[in-house]
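Quick notes on the structure that follows.
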Amino acid sequence: MVQDAASEWSSEAGGTSASERASVKRKMAKQIRFLNKLEETQRVLSAQKKNFKKKRKSQKTGRALNDLSSLSEFLPSITASTTTTTSSKVLRSKAKQTIVTNETKQLAAVLSHPQFKANPFAAIQQHLTTTLPPPLPVPNVKVTAKAGSKKKK
């Protein structure tokens, strides 16, 4: 059996005809075309991978804000008031100046108020209780004792 395989190998290696050389050339040409296609697809895929990484990186920066939007279920009153203020246009310098002047007048009025002068913390607390909505009720949570926390006598 080994002698048969050796004799086949020696007969193939010994003489190559023109038809065998032509078939080898065709096979080599086919392999070269295949390798060229592989290189082209590899270049395209690497370019797509770079673009994907850039997109993913830009999405990661915005992802934290998307995660915070889920908090709107738990804080409906706060989100309603903040969405109206954040949706306003970008302020120009003249609008900013008017806001600053109004706020300084308001601060001066608060500082000169007799109730604030008498007890600032009580005045701030009263202001907050009258302006802010009441806090949401906290659900009752039962605390269960752990199994291994029994006291020894």
Side-chain angles (χ1 to χ4, degrees), residues 1-111 120-121 124-150:
M1 191 178 346
V2 175
Q3 291 175 351
D4 293 336
S7 64
E8 287 178 13
W9 182 74
S10 63
S11 67
E12 289 177 4
T16 55
S17 66
S19 64
E20 289 177 345
R21 280 185 260 144
S23 68
V24 169
K25 284 183 181 180
R26 281 193 305 264
K27 286 181 183 179
M28 290 296 291
K30 191 175 181 181
Q31 286 179 350
I32 290 172
R33 285 193 306 266
F34 177 74
L35 291 175
N36 288 339
K37 286 180 185 179
L38 278 179
E39 288 175 357
E40 180 63 30
T41 55
Q42 196 173 26
R43 274 188 257 128
V44 170
L45 288 176
S46 65
Q48 286 177 350
K49 190 174 182 181
K50 286 180 184 178
N51 289 339
F52 178 74
K53 283 184 179 181
K54 287 179 184 178
K55 286 180 184 178
R56 189 125 195 232
K57 192 174 187 179
S58 65
Q59 287 175 351
K60 281 184 181 181
T61 57
R63 190 177 292 172
L65 296 177
N66 293 340
D67 292 341
L68 292 178
S69 64
S70 65
L71 293 176
S72 63
E73 301 170 14
F74 304 106
L75 306 171
S77 62
I78 295 173
T79 57
S81 64
T82 57
T83 55
T84 57
T85 58
T86 57
S87 64
S88 63
K89 296 180 180 178
V90 176
L91 298 176
R92 296 205 166 92
S93 62
K94 190 171 185 177
K96 288 179 185 178
Q97 286 177 346
T98 57
I99 290 173
V100 168
T101 55
N102 291 339
E103 290 296 323
T104 54
K105 288 178 186 177
Q106 182 71 24
L107 180 62
V110 168
L111 292 176
F121 292 112
I124 292 171
Q125 184 177 10
Q126 181 184 4
H127 171 73
L128 291 176
T129 54
T130 56
T131 57
L132 292 179
L136 297 173
V138 178
N140 292 334
V141 178
K142 276 190 170 180
V143 179
T144 58
K146 294 181 182 177
S149 64
K150 293 181 182 179

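Because the structure is a prediction, the values reported are computed rather than measured. If you read the sequence from its start, that first residue is 1, and numbering goes on from there.
To the nearest 0.5 angstrom, K49 atom NZ is 10.5 Å from Q42 atom CD. K96 NZ to T101 OG1: the interatomic distance, rounded to the nearest 0.5 Å, is 14.0 Å. Between K25 atom NZ and I32 atom CD1 the span is 12.0 Å, to the nearest 0.5 Å. Between S17 atom OG and E20 atom CD the span is 4.0 Å, to the nearest 0.5 Å. The line from NE2 of H127 to OG1 of T129 is 9.0 Å long, rounded to the nearest 0.5 Å. Taking CG of L45 as the reference point, atom CZ of R43 lies at 11.5 Å (rounded to 0.5 Å).
When each of E40, E39, R33 is tested with N36 by the rule side chain to side chain contact (heavy atoms under 4.5 Å, CB included), just one qualifies, namely E39.
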